[in-house]
Amino acid sequence: MKPRVSVVVPARNEEEFIGACLESILKQNPPPHEIIVVDNASTDRTGEIARSMGAKVIYQSKIGLHIARQTGLEAATGDVVAATDADCVVEPGWIAAIQDAFVDPEVVEVYGPIEFMDGPLLDRWLSRYGFPIFLRIMHLLGQPNASGGNHAVRRQIALEVGGYDVPYGEDLRLVLKLKERGKILYLPKARVKTSSRRLKKGRWSFYGLHLKNVLARLLGRPADYGEDYYADRNR
């Protein structure tokens with residue numbers, strides 16, 4: 001029997017993007033069990049737009065991406081909780097790929113590639129062709145690189161290990177905990193596109209930070225993305 005998939009979208013002042021994100025989720029076949037938008041103290045129409053599109057909206061006044069993700073994880077009623085970000089659109093077949101993977105009871109987490117939908121051509125090319133190669137290599141090295149914008153977890157086990165419990169690098173921290181509990185799979189067919197606003201501080205600032213942390217993980221040291229990186233995601 002295939003598991004029920006809840007989709008959680010943390011959002012803070014995302015009226016520009018939330019509509020397209022939810023539309024891409026609503027078009028999925030099979031459809032999600034539910035869509036939960038965690039309105040993280042928005043001061044714009046984020047919550048209003050999400051409600052108008054049929055999403056369950058939970059208002060979380062305490063600001064923090066990890067707090068919003070954890071709020072959604074706890075509120076979800078599906079067997080599996082899939083996560084994406086408000087400035088993302090999920091590609092056709094996203095939920096189907098996730099659902100099929102979790103038929104295996106040993107699977108505790110899955111993740112897929114993310115590519116830029118806009119921005120400079122070089123960055124769109126790197127994200128479309130280079131990033132999937134990087135993900136495959138890291139997976140083969142035993143270092144799954146699940147991103148908060150495109151991953152899914154078995155809800156009960158994620159809760160048992162504490163969920164998203166750190167303010168920075170909450171997605172990678174959860175990966176490390178779940179590795180001890182079961183299989184983590186890379187799903188190339190579970191694709192997500194995202195905005196290029198992550199590059200607004202500069203290309204080499206963005207890539208350099210990730211490369212530094214990849215090396216740290218390979219050397220057995222903890223990755224630390226820092227407050228500045230996550231401040232951009234908590235607009």
Side-chain angles (χ1 to χ4, degrees), residues 1-10 28 32-33 65-66 68-70 72-74 76 78-85 88 90-91 93-115 127 130-194 210-225 230 233:
M1 183 176 178
K2 293 186 178 180
R4 300 170 300 165
V5 179
S6 299
V7 179
V8 170
V9 184
Q28 292 291 300
H33 169 64
L65 183 56
H66 69 298
R69 292 202 197 283
Q70 184 68 12
L73 177 65
E74 293 175 359
D79 310 295
V80 169
V81 177
T84 191
D85 291 328
C88 294
V90 300
E91 294 281 89
W94 185 66
I95 287 180
I98 291 170
Q99 197 174 55
D100 288 345
F102 277 97
V103 169
D104 182 346
E106 294 185 11
V107 171
V108 294
E109 182 171 11
V110 302
Y111 63 101
I114 296 181
E115 67 176 91
S127 66
F131 190 50
I133 294 173
F134 161 75
L135 290 177
R136 287 181 181 277
I137 292 172
M138 290 295 286
H139 190 78
L140 290 172
L141 292 173
Q143 294 288 345
N145 203 76
S147 165
N150 187 11
H151 77 287
V153 298
R154 198 171 295 277
R155 178 179 179 273
Q156 186 57 44
I157 296 179
L159 288 172
E160 288 174 5
V161 300
Y164 305 98
D165 58 358
V166 293
Y168 313 119
E170 79 290 340
D171 42 10
L172 293 177
R173 164 68 175 161
L174 183 55
V175 168
L176 294 176
K177 294 186 293 183
L178 288 175
K179 277 180 68 176
E180 305 299 319
R181 298 293 299 271
K183 296 180 184 176
I184 297 179
L185 303 180
Y186 169 56
L187 305 180
K189 292 183 178 180
R191 302 184 64 85
V192 166
K193 291 186 177 181
T194 191
H210 284 278
L211 287 173
K212 180 186 75 173
N213 283 289
V214 166
L215 290 174
R217 292 179 65 197
L218 291 175
L219 293 172
R221 300 169 185 167
D224 181 11
Y225 283 92
Y230 283 92
R233 299 167 66 193

Does the pair Glu170 and Leu65 meet the rule for a side chain to side chain contact (heavy atoms under 4.5 Å, CB included), with working shown?
CA-CA 8 Å; Glu170 79 290 340; Leu65 183 56; 3.8 Å; yes

Kindly indicate, with the supporting measurements, whether the criterion salt bridge (Lys or Arg N to Asp or Glu O under 4.0 Å) is fulfilled by Glu109 and Arg154.
CA-CA 6 Å; Glu109 182 171 11; Arg154 198 171 295 277; over 6 Å; no

What do the steps show when you test Val9 against Val7 for side chain to side chain contact (heavy atoms under 4.5 Å, CB included), and what is the final call?
CA-CA 7 Å; Val9 184; Val7 179; 4.3 Å; yes

Just do the side chain to side chain contact (heavy atoms under 4.5 Å, CB included) check on Val161 and Arg181 with the steps written out, would you?
CA-CA 9 Å; Val161 300; Arg181 298 293 299 271; 3.7 Å; yes

Taking it one step at a time, do Val153 and Val108 satisfy side chain to side chain contact (heavy atoms under 4.5 Å, CB included)?
CA-CA 6 Å; Val153 298; Val108 294; over 6 Å; no

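When every heavy atom of Asp171 is checked against every heavy atom of Gly148, the shortest pair comes out as OD2-N, 2.8 Å. When every heavy atom of Ala101 is checked against every heavy atom of Val110, the shortest pair comes out as CB-CG1, 3.8 Å. Nearest heavy-atom pair, Ile98 versus Ala152, reported as atom, atom and distance to 0.1 Å: CG2-CB, 3.7 Å. Taking all atoms of both residues into account, the shortest heavy-atom contact from Lys177 to Gly162 is NZ-C, 3.7 Å. The nearest pair of heavy atoms linking Gly163 to Leu174 is O-CD1, 3.7 Å. The minimum heavy-atom distance between Glu91 and Val192, with the atom names listed, is CG-N, 4.3 Å.
The side-chain heavy atoms of Asp79 and Phe102, taken from C-beta on, include no pair separated by under 4.5 Å. Pro144 has its side chain out of reach of Met138: every pair of non-hydrogen atoms, C-beta onward, lies at least 4.5 Å apart. In this structure, Lys179 and Ile184 have side chains that are in contact, with non-hydrogen atoms separated by less than 4.5 Å. Using a 4.5 Å heavy-atom cutoff, the side chains of Ser6 and Arg155 are not in contact. The closest side-chain heavy-atom distance from Leu159 to Gln70 is below 4.5 Å. A 4.5 Å side-chain heavy-atom check between Gln28 and Trp94 finds at least one atom pair inside the cut-off. Counting only heavy atoms from C-beta outward, the side chains of Arg136 and Pro188 approach each other to under 4.5 Å.
Atom CD1 of Ile137 sits about 7.0 Å away from atom CD1 of Ile133, to the nearest 0.5 Å. Taken to the nearest 0.5 Å, the CG atom of Asp85 stands 9.5 Å off from the CG atom of Asn150. A distance of 9.5 Å separates CD of Gln156 from CG of Leu73, quoted to the nearest 0.5 Å. A distance of 11.5 Å separates NE2 in His33 from CD1 in Ile95, rounded to the nearest 0.5 Å. Taking CD1 of Ile114 as the start and CG of Leu135 as the end, the distance is 8.5 Å to the nearest 0.5 Å. Rounded to the nearest 0.5 Å, atoms NE2 (His151) and OH (Tyr111) are 12.0 Å apart.
Using cut-offs of 30° and 60° on the angle between ring planes, the pair His139 and Tyr186 is tilted.
Without hydrogens or angle criteria, Thr194 side chain to Cys88 main chain gives no donor-acceptor distance under 3.5 Å.
Heavy-atom contacts from other residues, nucleotides or ligands closer than 6.0 Å to NZ of Lys189 number 12 or fewer.
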